[in-house]
Structure formats: C-alpha cells, structure tokens
Amino acid sequence: MAKLLPSKTKYRKVHKGRIRGNAKGGDELSFGEFGIQSLDRGRLTAAQIEAARVAINRHLKRKGKMWVRVFPQKPVTKKPAETRQGKGKGSVEYWCAVVKPGLMLFELSGVPQTIAREAMRLADGKIPMRCRFVSREELETY
C-alpha cells in the first residue's frame with residue numbers, strides 16, 4: 001500500500017500552528033449511515049489513519065462501503081537526535097492531519113449497526129484522541 005501523503009505541495013515545510021476551535025466543516029455524516037467523530041483536538045499521522053482503515057476493513061470482511069474523511073496534509077519536521085541547535089529547520093519526518101473536535105474521521109454504510117459499531121471501536125483503538133460512534137438515525141432524533 002502506498003504511503004498516505006499529498007502528491008504535490010506549494011511549500012515543503014510549514015509552521016507548527018495551533019489547533020484551536022471546533023471543526024468548521026466535515027462535522028456531519030455526508031456519505032454513510034455510521035461514522036466515527038472526534039471529541040478531542042490533535043494530530044492524526046498518516047500511519048494512524050492507515051492503521052484505523054485496515055482495522056475497519058479487516059472487521060468488515062469486504063462487506064459494506066467505507067469512506068476515509070481525513071487526509072494528512074501537514075508535514076511535521078524533526079531534527080536528528082543529538083544535533084546542536086541552529087542550522088535551520090529539520091527535514092520532514094511524517095505527514096499528519098489536523099483534527100478538531102466534531103470532525104468526522106471515517107464513515108460506513110451497507111452493514112448492520114452492531115458490525116459498524118464494532119469496526120469503529122477497533123478503529124478508535126488506533127486513534128490517539130477520544131472519539132464517538134454516530135449513526136444517521138441517532139442524529140435525526142436530536
């Protein structure tokens with residue numbers, strides 16, 4: 001499987017920035033019947049997204065359809081160990097997605113709720129922030 005990273009970017013390195021506020025978009029179910037929504041803020045690395053995707057697919061056993069709603073667009077740099085200060089910014093170590101509270105991470109459809117809930121529970125174990133399982137019928141009752 002190819003690594004998850006942008007094919008082309010305007011700049012190779014970006015500022016660290018702060019993760020403030022709630023998700024502005026991508027905070028509701030757009031494609032599937034069930035989803036996993038973040039409750040915390042943080043960074044989701046490409047490896048973590050891939051691990052969660054594999055966990056969901058293994059549990060579904062080729063049933064239903066899955067959408068990955070996050071993409072790692074932000075490069076994170078790191079200087080080598082035991083390097084003195086100065087001499088510029090380090091090289092890009094990995095790519096991550098910036099996650100704010102309310103962002104929908106994955107969506108599912110075409111499977112019963114019990115299977116979807118278990119698949120999302122397995123994915124939640126791979127994600128470093130608190131998440132909740134949401135379904136379209138639960139959201140309609142609110």
Side-chain angles (χ1 to χ4, degrees), residues 1-83 85 87-142:
M1 181 71 208
K3 250 176 124 176
L4 212 54
L5 59 105
S7 56
K8 188 176 164 193
T9 55
K10 191 168 182 180
Y11 299 106
R12 204 160 44 96
K13 300 171 182 176
V14 299
H15 290 314
K16 188 174 286 184
R18 284 201 203 97
I19 306 171
R20 290 151 82 171
N22 295 333
K24 222 167 64 170
D27 56 344
E28 42 196 46
L29 287 169
S30 300
F31 306 102
E33 296 296 312
F34 311 104
I36 186 169
Q37 189 177 38
S38 82
L39 298 174
D40 290 338
R41 67 191 77 245
R43 288 176 175 170
L44 202 54
T45 68
Q48 290 164 344
I49 294 169
E50 181 64 13
R53 185 191 70 79
V54 168
I56 292 170
N57 280 338
R58 287 229 172 107
H59 187 73
L60 293 183
K61 298 186 184 126
R62 298 169 54 137
K63 292 179 181 71
K65 180 147 174 58
M66 184 189 64
W67 291 267
V68 180
R69 298 282 308 274
V70 285
F71 186 80
Q73 294 177 321
K74 187 175 190 141
V76 177
T77 61
K78 190 171 186 291
K79 292 187 93 168
E82 298 176 19
T83 305
Q85 291 297 303
K87 306 268 190 286
K89 192 169 168 130
S91 57
V92 174
E93 195 74 12
Y94 61 91
W95 292 82
C96 72
V98 174
V99 175
K100 293 181 175 183
L103 187 72
M104 204 62 67
L105 304 176
F106 295 92
E107 290 188 30
L108 274 177
S109 71
V111 291
Q113 182 165 347
T114 53
I115 292 172
R117 190 179 288 274
E118 179 61 19
M120 294 301 189
R121 187 191 66 78
L122 293 169
D124 190 12
K126 312 289 181 195
I127 297 170
M129 52 206 68
R130 286 185 313 129
C131 298
R132 72 176 185 149
F133 178 81
V134 290
S135 69
R136 202 173 284 280
E137 54 199 37
E138 281 176 21
L139 292 174
E140 287 169 0
T141 57
Y142 284 132

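Note: hydrogens, waters and symmetry copies are ignored here, and every other heavy atom, side chains too, is used.
- Counting heavy-atom neighbours within 6.0 Å of K100 NZ, excluding the residue itself, gives a total above 12.
- For the pair C131 and S38, the tightest heavy-atom approach, listed with the atom from each and the gap, is SG-CA, 4.1 Å.
- A search for salt bridge (charged side-chain N to carboxylate O under 4.0 Å, His left out) contacts involving R121 returns E118, not counting sequence neighbours.
- To the nearest 0.5 Å, atoms CZ (R136) and CD (E33) are separated by 5.5 Å.
- A distance of 10.5 Å separates OH of Y94 from NZ of K74, quoted to the nearest 0.5 Å.
- Put simply, CD1 on I36 and CG on L29 are 11.5 Å apart, with the number rounded to the nearest 0.5 Å.
- Residues F71 and L4 have side chains in contact (heavy-atom distance under 4.5 Å, counting atoms from C-beta outward).
- The distance from the NZ atom of K63 to the CG atom of N57 is 12.5 Å, given to the nearest 0.5 Å.
- Between E93 and V76 there is no side-chain heavy-atom pair separated by less than 4.5 Å.
- Note that the CG atom of L44 and the SG atom of C96 stand 8.5 Å from one another [nearest 0.5 Å].
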Taking only distance into account, with no hydrogens and no angle test, what donor-acceptor pairs under 3.5 Å do side-chain atoms of residues 10-28 form with protein atoms, sequence neighbours excluded?
unit_1: K13; atom_1: NZ; unit_2: K89; atom_2: O; d: 3.3
unit_1: K13; atom_1: NZ; unit_2: G90; atom_2: O; d: 3.2

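- Between R53 and E50, the closest heavy-atom pair is NH2-OE2, 2.7 Å.
- Rounding to the nearest 0.5 angstrom, the gap separating the CZ atom in R117 from the CG atom in D124 is 11.5 Å.
- Counting heavy atoms from C-beta outward, M129 and L39 have side chains that stay 4.5 Å or more apart.
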What side-chain donor-acceptor pairs closer than 3.5 Å can you find for residues 104-113, not counting sequence neighbours?
unit_1: E107; atom_1: OE1; unit_2: S30; atom_2: N; d: 3.3
unit_1: E107; atom_1: OE1; unit_2: F31; atom_2: N; d: 2.7
unit_1: E107; atom_1: OE1; unit_2: G32; atom_2: N; d: 2.7
unit_1: E107; atom_1: OE2; unit_2: S30; atom_2: N; d: 3.1
unit_1: E107; atom_1: OE2; unit_2: R69; atom_2: NH1; d: 2.2

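- Between P72 and I49, the closest side-chain pair of non-hydrogen atoms falls below 4.5 Å.
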